[in-house]
Amino acid sequence: MRNVLCCLAMAALLFCGGYAHGADPQPYNVTLKPTGDKAVDQAIKDSSQLVALRDKAPVGPFALVTRSRDDLTRFQAALNSYGYYTAKITLTIAGHPLDDANLADVLEHAPADPPVDVVAAFDPGPQFHIGRITIDGDVPPDTRNKLSLAPGAPAVAADVLTAQQTLLSAIREAGHPLAKVDLPPVILRPRQHLLDVTFKVTAGPYANIGQIQIKGLRTVHEDFVRRRLLIQPGQRFNPIGIEAAREDLASLGVFSVVRVEPADHLAPDGTIPILIDVTERPLHAVDVGAGYSTDLGANFNVGWHHRNLFGNAEQLNLTAGMQLGGDAEQHPGYNFGAQFIKPDFLTRDQSLQVDLNAVKQSLQAYDQRALLEKIAINRKLLAHWTASIGLSGEQEEIGQEGVDRPFQLVGVPMSVKFDNTTSLLDPTSGFRAAILLTPTQSFGHSSATFVIAQISGSAYFDLSGSGRSVVAVRGLVGKDYGAEQFDLPPDQRFYAGGSGTVRGFRYQSVGPQFPDGNPIGGTAVSAGSLELRQRIFDKYGVVAFVDAGQVTANGSPFTSNWRVGAGIGVRYYTSIGPLRLDVAVPLNREPGGDAFELYIGIGQAF
């Protein structure tokens, strides 16, 4: 009766002008008292219209009461979803419960400032647990054991729904493409605080994959796509295999969308037809980029790409770049490149790559004019493993300390790489590792046979679980075998300093130097970095880092003097990757070295 009187009083005031400012919003604050369970507290907050609409949609007094009543229902649903079916909720406005007959009068005279307080308190009571679990219907052997739910577990709604989907996936993976798993209403046993769950299963017929139709192709050859497919007619229907086939087609780079849709009925021969619906990306793409650092100056680059040159996902990439204005450069430099990639060369998961590059650069260490060629076969070994072997050539003229010398080099570059990181430009977890080995024969000014070996890696640790707090580390060890320091062409020696090794030191400045302070380079290098990345707000982040590295003139890694740099940076996160600005200082600066270095670019430093 009190509820009825309160609502009638509210209605009378609303329609008869009882409020002095009936059309004016009633400001309010919301307090949701904690339940003792952070997950439940978050679910309650997420469900609340009082919280979500407080600033977006101000309301008058009568609507505030209505919104509060609606939230009571939402709060109860949030508590139920975590197994609290006997919870008690108390909600007050300005200290008055919602069924208080005086609430209307209180709100009528409430000032706009300070806002009224809306307070919700919760007594969750005992948490219900899973009782009996019944699977009703015929299910394939071994699928019952895959149910991700057990008696005695907390009766969390999300876990029950996950178990329903897990059971459905297990039945479909057993070759039943039309399987259904329904979840009838659960049964509560309040005295025992238990919840009984029944899954009603309709497995449907067993079926193999039937006709595969490919739709949406314009320039990509259908026979290439069919050769590439990981699923074939006659194979057992398996959603995991179908999804793997979809991801594999998407990885080719020629499709913007790949959908693989099993039919909702069997064909007359008892198989399940499959439709693959693709949307091709534009044939051509142009990209531009820019960056800046105090040591290498401003760099500009542009690329033109053909994604499907001959109809089998062949790539042609043309690039050009310019570097100018840095204190590690003597004159502006440029580079031009052409690259051709043919996927599935001779066999699946193996590509042919041909590169041709022209380079001119005038660095503090040396001047170089070079033409570089490389042909390589790249092969995917496992999910995250790749290997490569090739043949490279280089014709160059290098000037160092006023002396120009020609060199011709022939190499056999080999590599094995591992990468399971989450992103190319902004990894938050995972590892990268690479082993590079290049036997090389040098002709020209001097003849030398040597092998350059290099091991590098980086690791990313997500401290927050959401990618907002990340610790990143990297390391590099390299060694030349078979030649002394001055037997090596200057561009084949090891250097350190710059954004790739030791920030805070000028590019290539760490290591042996000529009497005039110009870098010589060495036969071994060691470097490492530690970086903390903290995201703040939605699109911003800060980093702090320390780098260390050394170069040995003639010897082994780790045997020369170490140089250490440290710094801080800011990040602005965009859809293509974070924009990066880092400032680093040398902690043990070399004579004549810079006091600091500045780096601006796209993507994390590593």
Side-chain angles (χ1 to χ4, degrees), residues 209 212 214 217 219-235 238 240-256 258 260 276 278 280-281 283 285 303 305-319 337-357 372-394 410-424 430-440 451-457:
I209 294 174
I212 299 176
I214 302 175
L217 295 177
T219 62
V220 180
H221 295 161
E222 183 171 336
D223 58 347
F224 168 74
V225 176
R226 290 192 178 277
R227 290 196 307 270
R228 181 79 188 188
L229 274 179
L230 292 173
I231 55 174
Q232 299 296 331
Q235 293 178 347
N238 186 332
I240 294 179
I242 291 174
E243 175 59 18
R246 189 200 68 80
E247 292 178 352
D248 181 72
L249 288 180
S251 70
L252 287 172
V254 293
F255 302 123
S256 59
V258 179
V260 181
I276 299 176
V278 301
E280 292 188 12
R281 300 174 71 185
L283 275 179
H305 310 277
H306 195 305
R307 297 188 173 109
N308 187 33
L309 191 61
F310 301 123
N312 297 320
E314 300 93 345
Q315 298 178 37
L316 176 63
N317 304 307
L318 304 178
T319 58
Q339 180 186 71
F340 173 77
I341 299 176
K342 180 176 177 54
D344 290 354
F345 177 69
L346 300 180
T347 186
R348 200 182 189 285
D349 289 331
Q350 181 171 282
S351 63
L352 173 69
Q353 179 176 324
V354 180
D355 292 281
L356 178 64
N357 293 278
L372 302 92
E373 311 89 12
K374 178 181 176 183
I375 183 169
I377 292 178
N378 307 316
R379 181 160 183 80
K380 179 180 178 181
L381 302 177
L382 296 170
H384 305 291
W385 290 88
T386 58
S388 176
I389 184 170
L391 182 67
S392 65
E394 183 173 348
V410 177
V412 183
M414 297 174 283
S415 67
V416 176
K417 297 180 180 181
F418 174 85
D419 188 345
N420 69 346
T421 55
T422 53
S423 168
L424 176 64
F431 300 89
R432 291 174 182 160
I435 300 175
L436 286 74
L437 199 67
T438 307
T440 304
V451 177
I452 295 177
Q454 184 173 301
I455 299 175
S456 62

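Basis for what follows: all heavy atoms, side chains included, without hydrogens, waters or symmetry-related copies. Just so it is clear, the structure is predicted and the values come from calculations on it, not from any experiment.
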Report the distance from atom [atom1] of [X] to atom [atom2] of [Y], rounding to the nearest 0.5 Å.
{"X": "I452", "Y": "L436", "atom1": "CD1", "atom2": "CG", "result": "10.0 Å"}
{"X": "L230", "Y": "I242", "atom1": "CG", "atom2": "CD1", "result": "11.5 Å"}
{"X": "I341", "Y": "H305", "atom1": "CD1", "atom2": "NE2", "result": "10.5 Å"}
{"X": "R227", "Y": "L229", "atom1": "CZ", "atom2": "CG", "result": "11.0 Å"}
{"X": "R307", "Y": "L252", "atom1": "CZ", "atom2": "CG", "result": "13.0 Å"}
{"X": "R379", "Y": "S388", "atom1": "CZ", "atom2": "OG", "result": "12.5 Å"}

In sequence, state the C-alpha distance, the side-chain angles, and the governing distance for D355 and L372, and then conclude on side-chain contact (heavy atoms from CB on, under 4.5 Å). CA-CA 8 Å; D355 292 281; L372 302 92; over 6 Å; no
Side-chain heavy atoms of [X] within contact of [Y], under 4.5 Å:
{"X": "P233", "Y": "I212", "value": "yes"}
{"X": "F224", "Y": "V254", "value": "no"}
{"X": "K374", "Y": "N357", "value": "no"}

Students often mix this up, so state it plainly: with edges at 30° and 60°, are the rings of H384 and F418 parallel, tilted or perpendicular? perpendicular
Does [X] use its side chain to pair, donor to acceptor, with the backbone of [Y] at less than 3.5 Å?
{"X": "Q353", "Y": "N378", "answer": "no"}
{"X": "E314", "Y": "K342", "answer": "no"}
{"X": "D419", "Y": "R432", "answer": "no"}
{"X": "N308", "Y": "A313", "answer": "yes"}
{"X": "R228", "Y": "D344", "answer": "no"}
{"X": "E280", "Y": "V220", "answer": "yes"}

Taking all heavy atoms of [X] and all of [Y], pick out the closest pair and write down the distance.
{"X": "T440", "Y": "T438", "answer": "OG1-O, 3.2 Å"}
{"X": "I214", "Y": "R226", "answer": "CD1-CG, 3.6 Å"}
{"X": "Q235", "Y": "I231", "answer": "OE1-CA, 3.3 Å"}
{"X": "A453", "Y": "L437", "answer": "CB-CD1, 3.6 Å"}

Ionic contact status for D248 with K380, cut-off 4.0 Å: no
Please report the C-alpha distance between L309 and Q315 in whole Å, then the side-chain angles of each, then the deciding distance to 0.1 Å, and finally whether the side-chain contact (heavy atoms from CB on, under 4.5 Å) criterion is met. CA-CA 6 Å; L309 191 61; Q315 298 178 37; over 6 Å; no
Pair I209-Q232, side-chain contact (heavy atoms from CB on, under 4.5 Å): steps then yes or no: CA-CA 7 Å; I209 294 174; Q232 299 296 331; over 6 Å; no
Can you list the steps and then say if F340 with I375 is a side-chain contact (heavy atoms from CB on, under 4.5 Å)? CA-CA 10 Å; F340 173 77; I375 183 169; over 6 Å; no
